[in-house]
Peer 1: 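Could you have a look at this structure, given as structure tokens, before my questions?
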Amino acid sequence: MNATPQFALVDVNNFYVSCERVFQPALAHTPIVVLSNNDGCAVARSNEVKALGVKMGVPWFKMKDLAEKHDIRAFSSNYTLYGDMSNRVALVLRDFSPEIEIYSIDEAFLRIETVAHLYGGALAMGEQIRHRVKQWTGLPVCVGVAPTKTLAKLANYMAKKRAEFNGVCDLHALSRPERLGYMADIDAGEVWGVGPRLAPRLKEMGIQSVLDLRNASPKTLRSHFGVVMERVCSELRGIACLELEQVAPSKQQIMSSRSFGHSVEALEDLREAVATYVDRAAEKLREQGSVCAAVHVFVQCNRFRPEEPQNNTGTTVALVAPSDDTLALTAAALHGLRSIYRPGFRYKKTGIMLTLLSDKGVQQGSLFDAPVEHARSAAVMSAMDQVNRLYGRGMLRTGASGTQQRWSMRSENRSPRFTTRWDELPVVR
DNA sequence: TCTGGGGTCCTAGGACCC
DNA sequence: TCTGGGGTCCTAGGACCC
């Protein structure tokens with residue numbers, strides 16, 4: 001019963017790019033990037049593009065020459081497709097182990113120590129995961145197995161980068177010298193939790209490799225970097241500090257914002273955008289059964305053009321009573337917007353954040369509550385959510401969000417929503 | 001012309017309490 | 001001359017993740 005924990009980290013290779021390729025197999029060897037919202041930056045790159053030295057997050061316009069030279073295909077992001085593909089992968093993984101944490105759109109942790117033997121051990125289980133995900137969804141994954149999450153991340157990194165693992169690495173199937181050898185070979189900056197700020201500071205202390213970090217003194221790490229780095233170090237030594245989070249905790253804040261396709265000056269356009277984002281955020285709020293007590297609204301000009309006049313500001317509007325009513329939240333957000341809006345600026349972005357969230361079921365009553373209003377609001381919101389679930393997002397929304405939406409983001413080369421729209425299904429000839 | 005959109009956790013310091 | 005000790009809460013800022 002007290003077997004050493006075994007975490008498996010399953011991670012889809014070049015996730016967004018791979019999703020595109022599933023439906024356009026002819027692109028299997030074409031260099032591809034997928035762009036962020038508004039067709040801004042490269043957020044996913046195929047191996048061919050990585051080989052050309054294109055880094056994560058490079059603005060598309062800066063790589064246009066390179067793209068032309070090497071025939072790089074660029075896709076606008078298609079989150080409807082990626083979200084659906086992500087759910088399909090999760091379904092396959094749940095079959096392998098019921099103890100699963102969906103960590104991000106393209107990654108999941110599984111606890112496998114009690115089930116691995118059913119597949120002939122962790123390594124064999126990893127192979128079968130790879131095979132089945134590929135066969136059932138078309139997506140390539142790598143699997144890393146280890147006794148802590150941080151080590152599983154490292155094992156996954158090795159499975160991806162080192163051909164000898166063939167996509168599956170069980171760190172503790174290696175001999176100790178082998179394991180430490182790999183650690184000595186990998187930069188400390190690759191460790192989960194060590195980012196671009198801390199890596200150079202570690203280096204200054206003579207901590208270069210994963211092995212150096214593993215062997216560092218926890219006390220020293222704690223005094224220089226705090227408890228987080230101390231934990232990273234313990235995890236690297238095989239002492240599990242992080243647990244599997246099977247149930248995603250409710251969010252403490254919900255944000256919705258976008259850059260505009262073109263800069264915007266009129267209050268009317270900003271109002272439409274803000275109302276649109278509130279619509280979406282309120283939907284998420286109700287989905288997790290929360291209410292919020294304050295709405296933050298902000299506007300931004302183009303921060304890459306400091307020579308232009310800037311009005312980058314925001315304000316928080318408190319609600320009379322916590323609410324999940326789109327109309328109440330929209331009213332608050334638009335009120336806030338009115339107070340920060342100044343004419344004569346070229347706005348590039350606006351957004352809202354719902355904060356001070358709490359569980360709807362455990363609300364403090366208020367002297368000023370009107371129960372009848374509450375019942376009406378709940379009925380309207382529930383009808384709205386049902387309509388939108390049935391007929392698609394945004395089918396029913398507030399009038400304030402507008403009909404033209406001239407400010408909406410660029411998305412010039414989005415592939416069809418192959419798996420969620422009848423009229424965009426792939427056709428087999 | 002063109003530069004994403006979400007989130008979380010931890011720490012330090014100040015205000016305040018008894 | 002000398003000026004306690006223990007705590008909470010909040011906020012801003014910094015770091016990280018995908």
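So you know, we letter chains A, B, ... as the sequences are listed, proteins then strands, and number each from 1. The structure presented is a predicted model; accordingly, all values stated were derived computationally and were not measured.
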Peer 1: Would you write out the dot-bracket form of DNA chain C, 5' to 3', with Watson-Crick and G-U pairs under 3.5 Å, [ ] for crossing pairs, | for pairs to other strands and . for unpaired bases?
Peer 2: ....||||||||||||||

Peer 1: Determine, using ring centers only, whether A:Tyr157 and A:Tyr182 are less than 6.0 Å apart.
Peer 2: no

Peer 1: Closest to the A:Lys284 side chain: B:dC2, B:dG4, B:dG6?
Peer 2: B:dG6

Peer 1: Please tell me which of the listed nucleotides, C:dC18, B:dC2, B:dG6, lies nearest to the side chain of A:Phe61?
Peer 2: B:dC2

Peer 1: What verdict does the side chain to side chain donor-acceptor pair (under 3.5 Å) test give for A:His296 and A:Thr316, after you've listed the backbone C-alpha separation in whole Å, the side-chain angles of each residue and the deciding distance to 0.1 Å?
Peer 2: CA-CA 4 Å; A:His296 182 80; A:Thr316 302; 2.8 Å; yes

Peer 1: Tell me whether the OP1 or OP2 atom of B:dC2 has a side-chain N or O from A:Arg305 closer than 4.0 Å.
Peer 2: yes

Peer 1: Can you tell me if A:Lys348 touches the phosphate of B:dT3, counting only side-chain N or O atoms and a distance under 4.0 Å to OP1 or OP2?
Peer 2: yes

Peer 1: What's A:Arg231 touching, base or sugar-phosphate or nothing? Going by heavy atoms closer than 4.0 Å.
Peer 2: sugar-phosphate

Peer 1: Can you spot which of A:Arg94, A:Lys149, A:Arg111 makes a salt bridge (charged side-chain N to carboxylate O under 4.0 Å, His left out) with A:Glu101?
Peer 2: A:Lys149

Peer 1: Which part of the nucleic acid, if any, lies within contact of A:Gln252, taking any heavy atom under 4.0 Å across all strands shown: a base, the sugar-phosphate backbone alone, or nothing?
Peer 2: sugar-phosphate

Peer 1: Of the candidate nucleotides B:dT3, B:dG4, B:dG5, which contains the atom at the shortest distance from the side chain of A:Ser36?
Peer 2: B:dG4

Peer 1: When you match A:Arg222 and A:Asn38 each to their closest nucleotide on DNA chain B, which lands nearer the 5' end?
Peer 2: A:Asn38

Peer 1: Give a yes or no on whether a salt bridge exists between A:Asp84 and A:Arg88, defined as a side-chain N under 4.0 angstrom from a carboxylate O.
Peer 2: yes

Peer 1: If you only use heavy atoms from C-beta on, which nucleotide in C:dC17, B:dG4, B:dG6 is closest to the side chain of A:Cys41?
Peer 2: B:dG4

Peer 1: Are A:Trp60 and A:Phe75 close enough that their ring centres sit under 6.0 Å apart?
Peer 2: no

Peer 1: Quick check on B:dG6: is either OP1 or OP2 less than 4.0 Å from any side-chain nitrogen or oxygen of A:Ser257?
Peer 2: yes

Peer 1: Using side chain to side chain donor-acceptor pair (under 3.5 Å), reason through A:Asp279 and A:Thr326 one step at a time and then give a plain yes or no.
Peer 2: CA-CA 6 Å; A:Asp279 222 67; A:Thr326 301; 5.0 Å; no

Peer 1: For A:Phe109 and A:Trp192, take the angle between the two ring planes, folded into 0 to 90°, and tell me which bin it lands in: parallel under 30, tilted 30 to 60, perpendicular over 60.
Peer 2: tilted

Peer 1: Would you call the rings of A:Tyr79 and A:Tyr82 parallel, tilted or perpendicular if under 30° counts as parallel and over 60° as perpendicular?
Peer 2: perpendicular

Peer 1: With nearest nucleotides of DNA chain B determined for A:Gly226 and A:Asp39 from heavy-atom distances, which residue corresponds to the more 5′ nucleotide?
Peer 2: A:Asp39

Peer 1: What is the nucleic acid contact for A:Tyr103, judged by heavy atoms within less than 4.0 Å: base, sugar-phosphate only, or nothing?
Peer 2: sugar-phosphate

Peer 1: Quick one: is B:dG5 close enough that its OP1 or OP2 comes under 4.0 Å of any side-chain N or O from A:Ser256?
Peer 2: no

Peer 1: Write down the distance between NZ (A:Lys62) and P (B:dT1), rounded to a whole number of angstrom.
Peer 2: 14 Å

Peer 1: Please report, rounded to the nearest Å, how far the C1' atom of B:dT3 is from the CD atom of A:Glu308.
Peer 2: 14 Å

Peer 1: Given the C1' atoms of B:dC17 and C:dG4, what is the spacing between them in whole Å?
Peer 2: 14 Å

Peer 1: Counting only heavy atoms not in A:Arg271, do more than 12 sit closer than 6.0 Å to its CZ atom?
Peer 2: no

Peer 1: NA contact type, A:Val194, heavy-atom cut-off 4.0 Å: base, sugar-phosphate, or nothing?
Peer 2: sugar-phosphate

Peer 1: If you look at every strand shown and take non-hydrogen atoms under 4.0 Å, does A:Asp106 touch a base, only sugar-phosphate, or nothing?
Peer 2: sugar-phosphate

Peer 1: Tell me, please, which residues at least two apart from A:Glu412 pass salt bridge (Lys or Arg N to Asp or Glu O under 4.0 Å).
Peer 2: none

Peer 1: Nearest whole angstrom, please: distance from the P of B:dT1 to the CD of A:Glu307.
Peer 2: 11 Å

Peer 1: Roughly, in whole Å, what's the span from CG in A:Asn302 to C1' in B:dT1?
Peer 2: 11 Å

Peer 1: Without swapping roles, check the side chain of A:Asn388 against the backbone of A:Met395 for a donor-acceptor pair under 3.5 Å.
Peer 2: yes

Peer 1: Of the nucleotides C:dC18, B:dG4, B:dT3, which one has an atom closest to the side chain of A:Ser104?
Peer 2: C:dC18

Peer 1: So A:Val191, base contact, sugar-phosphate only, or nothing? Heavy-atom distance under 4.0 Å.
Peer 2: sugar-phosphate

Peer 1: Hey, what are the protein-to-nucleotides 7-15 of chain C N/O distances that come in under 3.5 Å?
Peer 2:
{"residue": "C:dA15", "atom": "OP2", "partner": "A:Arg197", "partner atom": "NH1", "Å": "3.3"}

Peer 1: Whole Å only: how far is the CE atom of A:Met409 from the P atom of B:dG4?
Peer 2: 12 Å

Peer 1: To the nearest Å, how far apart are A:Met229 CE and C:dC17 C1'?
Peer 2: 14 Å

Peer 1: Looking at every strand, decide which applies to A:Ile105 at a 4.0 Å heavy-atom threshold: base, sugar-phosphate, or nothing.
Peer 2: nothing

Peer 1: Taking CE from A:Met255 and C1' from C:dC18, how many angstroms apart are they, rounded to a whole number?
Peer 2: 14 Å

Peer 1: How many Å lie between CZ on A:Arg280 and P on B:dG6, as a whole number?
Peer 2: 9 Å

